[in-house]
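First comes the structure, then the notes that go with it.
Source: prediction; values computed, not measured. Each chain gets a letter, A, B and so on, in the order the sequences are listed, and its residues count up from 1.
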Amino acid sequence: MDMNQVRVRFAPSPTGYLHVGGARTALFNYLYAKHHHGVFVLRIEDTDLARSTEASTRAILDSMAYLGLDWDEGPEKGGDYGPYFQSQRLELYKEYAEKLLSMGRAYECYCTPEELDQIRQEAAAQGRDPKYDGRCRNLTDTQRREFVRQGRKPVIRFKADFEGTTLVDDLIRGQVIFDNNQLDDFVIIKSDGMPTYNFAVVIDDALMRITHVIRGEDHLSNTPKQIQIYQALGFAVPQFAHIPMILGPDRTRLSKRHGATSVGQFQEEGYLAEAMVNYLALLGWAYDDSQTIFSKTELIEKFSLSKVSKNPAVFDLAKLQWMNGVYIRELSLDELYQRTLPLFKSWGFVPQEVGSELEAKVKSVLRVLQERVKTLADLKEASCYFFQDEVRYDEKAVSKVLFKEGAAEILSSLLPELLAVKDYTQENLEPVFHKAQEQRQCKLADVIQPVRVAVTGTNVSPGIYDVLAILGRARACQRIKDALALIKSRQEGQVHDG
RNA sequence: GCUCCCAUCGUCUAGGGGUCUAGGACACCGCCCUCUCACGGCGGAGACAGGGGUUCGAAUCCCCUUGGGAGUGCCA
């Protein structure tokens, strides 16, 4: 094995969906690994029995797959350093905990949660740090027996070194020094036998030969604890790189109350993985002063930790939307069709089996809508009138355009013209409107807008000739008739009212 | 409270002592294109948190203040 090979990991806990923060961490690890021709490990940290679920694991794996962050070792993939679920590595944690126990670097603690709470409260009341006071460090056998007799289940605490300082040599933040007297004897094995995060992460990273720990800045403060365990066990300390947090618009840590934050949700809302990856990469990393659009290949080629920013970044949905639009516009018509066909089916716009004629129609729709949507999901609203029999009239558009003076006359005079057009195509439709405009000496918009509202129900759509052509003569003309009926019924209603 | 991290336009950032009257992107505003909306093009407004140093010279280095974030769990 190449001892210099880069090995990084992403280690989510399956207690919910994959968040954009986690996704960004995964991405940076992935990019770093690929850039250095290293190995990207995925490890599931499911030691919290109460909160971990298989559904969450599934969701995280799915989101990783959607983003295209394929891992070299991990669940469903295996590898030489498995298992990759912490719940399947309990023997390992036990082994090293016992090693620490026998070395005198750990001890059993029988304090109850209530007692610990009291210790913290008293400390706070006296203005001391809320640290564990180490009262179980030197229990006598009699004391121990008494606790066991009471039915207490012990935890195992690490005997921390309070002397001196611990240096965290961080690839992004430089040398960060912590006073060891800030530490306390923290728990490494819970009373249910599961390891705590700070312990399991060290054992796993060491055993899995992780060379670079790239993770969120929220872990920086815990790093001294972990370093002490590395040192106590004689493990090599990996390189650390703590990347900045992602914040919501209010500058607090990004969470659900800021709106969509799970990757799965963005996927459902029609964001392309390419756009997500590109946007996430730019959250805390920049290449130079000019480039913002990067393919994944370019990201791999250009990514480096030295260009990762130190300051937290606010998640900007507007920019993601813009970028998604860029990627949608870059798609070829065939690609766009492949990606959106399942959506059209799910909306009931097209049947399960799509014939070549319908395929051509869908592609025509996509062609005219491609540059007008920011997400794939936007297509539903934007294209419904092409596929549904009933037009849903937008009230404002109707009253503003259809019920306007002269609209009915325009529509009724246009109707026979449209029925008479020889070859009903986009090019042949255009002269009809220009003729009408010249005859009336009005603006082109005055003749087009009523038609637009009549056939789409709204005053916003792609070019009217495109829309009419895609709709087909029969349907377009029927809708114009329907609109005329609508106008008429309203006029009669007014007569009655008046 | 204690510890640690951070500080350039509203947002993401370029910038690592002179080339900065601070560059780009998104968003915003205006104009152009135009059948509406988008796309596209052109233009505009908009930032070095404050105060001390160091230096011939500071957005860039140091200190303090302020502001923000994180950690301080038998969560990860």
What does [X] touch in the nucleic acid at a heavy-atom separation under 4.0 angstrom: a base, only the sugar-phosphate, or nothing?
X	answer
A:Thr15	nothing
A:Phe433	nothing
A:Leu282	sugar-phosphate
A:Pro462	base
A:Asn311	sugar-phosphate
A:Pro312	sugar-phosphate
A:Gly284	sugar-phosphate
A:Ile177	sugar-phosphate
A:Gln182	sugar-phosphate
A:Asn222	base
A:Asn459	base
A:Arg452	base
A:His242	nothing
A:Arg128	nothing

Worksheet item: Between A:Lys225 and A:Asn198, what is the shortest heavy-atom contact and its length?
Response: CD-ND2, 3.9 Å

Going by the rule salt bridge (charged side-chain N to carboxylate O under 4.0 Å, His left out), which residues pair with [X] if we only count those two or more places apart in sequence or in a different chain?
X	result
A:Arg9	A:Asp205
A:Asp133	A:Arg135
A:Lys302	A:Glu298

Pairwise [atom1] distance, [M] and [N] [rounded to whole Å]:
N	M	atom1	answer
B:A27	B:C42	P	16 Å
B:C33	B:G43	C1'	15 Å
B:G51	B:A58	C1'	15 Å
B:G46	B:G53	P	30 Å
B:G50	B:U11	P	15 Å
B:C26	B:C63	C1'	37 Å
B:G15	B:G23	P	15 Å
B:U8	B:A47	P	14 Å

Worksheet entry | Selection residues 110-127 of chain A - residue pairs positive for salt bridge (Lys or Arg N to Asp or Glu O under 4.0 Å), sequence neighbours left out | A:Glu115-A:Arg152

Could you pull out all residues at least two apart from [X] that satisfy ring-ring contact (aromatic ring centres under 6.0 Å, His included)?
X	result
A:Tyr197	A:His219
A:His258	none
A:Phe10	none
A:Phe199	none

Practice prompt. Determine, stepwise, if the pair A:Asp446 / A:Arg440 fulfils salt bridge (charged side-chain N to carboxylate O under 4.0 Å, His left out).
Written response: CA-CA 10 Å; A:Asp446 293 333; A:Arg440 297 176 171 270; over 6 Å; no

Worksheet entry | Upstream residue (5' side of RNA chain B) when A:Lys225 and A:Ser13 are each assigned their closest nucleotide | A:Lys225

Response to the item:
Walking RNA chain B from its 5' end, the first of A:Ser191 and A:Tyr279 to be reached, judged by nearest nucleotide, is A:Tyr279

Item to complete: Pull out every residue in residues 371-379 of chain A that has a heavy atom closer than 4.0 Å to any atom of RNA chain B, ordered by number, or say none.
Response: A:Glu371, A:Arg372, A:Lys374

Discussion item. With the threshold set at under 4.0 Å for non-hydrogen atoms, list the residues of residues 434-444 of chain A touching RNA chain B in residue-number order.
Written reply: A:Leu444

Find the partner of [N]: check Watson-Crick (N1-N3 plus N6-O4 or O6-N4) and G-U wobble (N1-O2, O6-N3) distances, both under 3.5 Å, and reply none if neither fits.
N	result
B:U66	B:A7
B:G1	B:U72
B:C42	B:G30
B:U19	none

Does either side chain, that of [X] or that of [Y], offer a donor lying less than 3.5 Å from an acceptor on the other one?
X	Y	value
A:Asp161	A:Gln228	no
A:Asp204	A:Tyr93	yes
A:Asp394	A:Thr458	no

Fill in: Contact interval (first through last nucleotide) of RNA chain B with protein chain A, 4.0 Å heavy-atom
B:G1 to B:A76

Practice prompt. Identify, with sequence neighbours excluded, every residue that meets side chain to side chain donor-acceptor pair (under 3.5 Å) alongside A:Thr53.
Written response: A:Ser56

